[in-house]
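Only a predicted model underlies this, so the values are computations on that prediction, with no experimental measurement involved. Labels below follow one simple rule: chain letters A, B, ... track the order of the sequence lines, proteins then strands, and each chain is numbered from 1.
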There are 2 protein chains.
Amino acid sequence: MSNPESGSFGAVQPSRRKLTPKGESTRARIATAAAELMLERGVAGTTLEDVRIVAGVSSSQIYHYFDDKQALVRAVVEVTTEAVVGRHEVFLGALTDLDGLWRWRDFIIEHQRTVECVGGCPIGTLGSELAEIDAPSRVQIAVGFRRWEASIRGCLRTMHERGELAADADPDELALALLAALQGGLLLTQLQRDLTPLRIALDTMIGQIAARTTAVRRPTPTPDRGTAGAG
Amino acid sequence: MSNPESGSFGAVQPSRRKLTPKGESTRARIATAAAELMLERGVAGTTLEDVRIVAGVSSSQIYHYFDDKQALVRAVVEVTTEAVVGRHEVFLGALTDLDGLWRWRDFIIEHQRTVECVGGCPIGTLGSELAEIDAPSRVQIAVGFRRWEASIRGCLRTMHERGELAADADPDELALALLAALQGGLLLTQLQRDLTPLRIALDTMIGQIAARTTAVRRPTPTPDRGTAGAG
DNA sequence: CGAAAAATGGAATGTCAAATCCAGAATCTG
DNA sequence: CAGATTCTGGATTTGACATTCCATTTTTCG
């Protein structure tokens, strides 16, 4: 790749060579604004005019930094993936035991409570909308999920090596299953505007992990208060 | 509701009174064509012109049967929900034991194999695209998922009552968790074009159920052959 | 049959949004 | 400082797409 900077996926910006510090910041402002809007209204529901206004730039600037809307979308995928996966990597990187896994559960559920079950998973939403209409984005998102999965896996492998997780349990499979439960739970929670599906999906899957554990720490997970009754 | 026919959600068709048999069939043809297209290209990516062509009708006919695009979308949600949930209801309605649950798993995975991991869950995809931009559709889809959940629940409750499922296990929670695992697995499988995530998500969750079971029937789930190596 | 209602065809309209163009202002570089 | 490069503003073009209109044909039903 001839492109010195920018992450794994080239062609996110035009074949333009240098960006001045000012240009760099303008470009970032556009990408961030686009990310915000596309999460709220979807990719198709976001116009470049919207982005233009929120980012506070002129229309020519968008095309100065991105070839076209699709290129901007790829930048949004990159920014979003980095934000979400990055956050979880930090959290999960510090965990080494089952107790930490429950704290991770609480972290996720608390976040959904503050956003009132709106929006679902930013990456999952992008993935669902783009999977069949933008192959490069699909791959980019798939890679993001692999990274996410890997950080869960790292956590479970540590538990496995330390002997907290039963020898015959497969930390790799449990990690993938846990990520799937999280994604499915988030989708149902978003649609029903109710924390229950997410909570139960996570509790059941982590419960499964806990069952394969030697030192059981938290037998009764916190039932949560409020936020919507039945749908 | 003054509208004599049409399912739970009124206003899917114009305030028009009667449909002749011919009209009924044309209307269905439009809705079906729209459903097909919207699953492939997304709701926003499908133009009424596309629908017009696939359904083999003139543009005025679409507006004769539906108030506007949003009304058509709601018809698509209805048609799709009925197709997917209906199919699963039939399958799940006949199941009474753990063995049946594994057959259900195979049924789902085989289907994904034939479609080569393309498309994900039709309802989940619609839900993800519409959740934050079309409230009535969001509710309609949430109801669909509840129906789906209920049919899984029915199956698990039967097992519970028959004593196959441990008395202290909660069939309702397991049903919701299983649906979440399915949805998350489908999303990851769609994005990675690989059956593994779906397979592991389902196997792990059903394995959890199996662990709470008295008569274990199938200790080693079929590992599947082929369809893509790692991403 | 024959009038009313329903169904259909296709052209026309109007809006909106992606993408382009052309200056002109700011910034870098030698 | 000066010339090139980057950055910015805004008007403009172009095309696509949802929606409307009206004329015509077909079906219903008294």
Consider the side chain of Leu19(B), meaning its heavy atoms from C-beta on, and name the nucleotide among dA7(C), dA18(D), dA17(C) that approaches it most closely. dA7(C)
Treat primed atoms plus P, OP1 and OP2 as sugar-phosphate and everything else as base, then score nucleotides 23-30 of chain C 5' to 3': B for base contact with protein heavy atoms under 4.0 Å, S for sugar-phosphate contact only, - for none. ---SSS--
Rounded to the Å, how far apart are Phe66(A) CZ and dA18(C) P? 15 Å
Distance in angstrom units between Arg52(A) CZ and dT20(C) P, rounded: 17 Å
Salt bridge flag under 4.0 Å for residues Arg27(A) and Glu24(A): no
I need the CG-C1' distance between Asp68(B) and dT15(C), as an integer number of Å. 16 Å
Would you indicate which nucleotide in dG10(D), dG9(C), dA18(D) comes nearest to any side-chain atom of Ser58(A)? dG10(D)
Does OP1 or OP2 of dT8(D) have a side-chain N or O of Thr26(A) closer than 4.0 Å? yes
Approximate separation, where rounding is to 0.5 Å, of Leu195(B) CG and Glu110(B) CD: 8.5 Å
Any donor-acceptor pair under 3.5 Å linking the side chain of Gln192(A) with the backbone of Pro197(A)? no
Contact class for Thr46(A) (heavy atom, under 4.0 Å): base, sugar-phosphate, or nothing? sugar-phosphate
Which nucleotide wins on minimum distance to the side chain of Thr47(A), given the candidates dT19(D), dT8(D), dA18(C)? dA18(C)
Please determine if Glu173(A) and Arg199(B) form a salt bridge, counting it only when a charged side-chain N lies under 4.0 Å from a carboxylate O. no
Starting from C1' on dC21(D), measure out to OH on Tyr63(B) and report it in whole angstrom. 13 Å
Nearest whole Å is fine: how far is dA6(C) P from Arg27(B) CZ? 15 Å
When you measure from the side-chain N and O atoms of Gln61(B) to the phosphate of dA7(C), is any distance below 4.0 Å, counting only OP1 and OP2? no
Minimum-distance nucleotide (side-chain atoms of His64(B) versus dT20(D), dA6(C), dA19(C)): dA6(C)
Look at Arg29(A) together with Glu36(A) and state whether they make a salt bridge at an N to O cut-off of under 4.0 Å. no
Which of parallel (below 30°), tilted (30 to 60°) and perpendicular (above 60°) describes Trp104(A) and His88(A)? perpendicular
Electrostatic pair Glu132(B):Arg193(A) at N-O distance under 4.0 angstrom: yes
Write down the distance between CD1 (Ile30(A)) and P (dT8(D)), rounded to a whole number of angstrom. 8 Å
For the pair Gln140(B) and Ser137(B), evaluate side-chain hydrogen bond (donor to acceptor under 3.5 Å, both in side chains) and give the outcome as yes or no after the intermediate values. CA-CA 5 Å; Gln140(B) 200 174 343; Ser137(B) 290; 4.7 Å; no
Could you say whether Ser59(A) or Gly23(B) is positioned toward the 5' end of DNA chain C, judged by the nucleotide with the nearest heavy atom to each? Gly23(B)
Below 4.0 angstrom from OP1 or OP2 of dT8(C), is there any side-chain N or O of Tyr65(B)? yes
Let me know the distance between CG of Leu72(B) and C1' of dA18(D), rounded to the nearest Å. 12 Å
Roughly how many Å is it from CD in Glu49(B) to P in dG15(D), rounded to a whole number? 16 Å
Leu48(A) has its side chain closest, among dT8(C), dA19(C), dG9(D), to dA19(C)
Mapping Gly56(A) and Asp50(B) to their closest nucleotides on DNA chain D, which lands nearer the 5' end? Gly56(A)
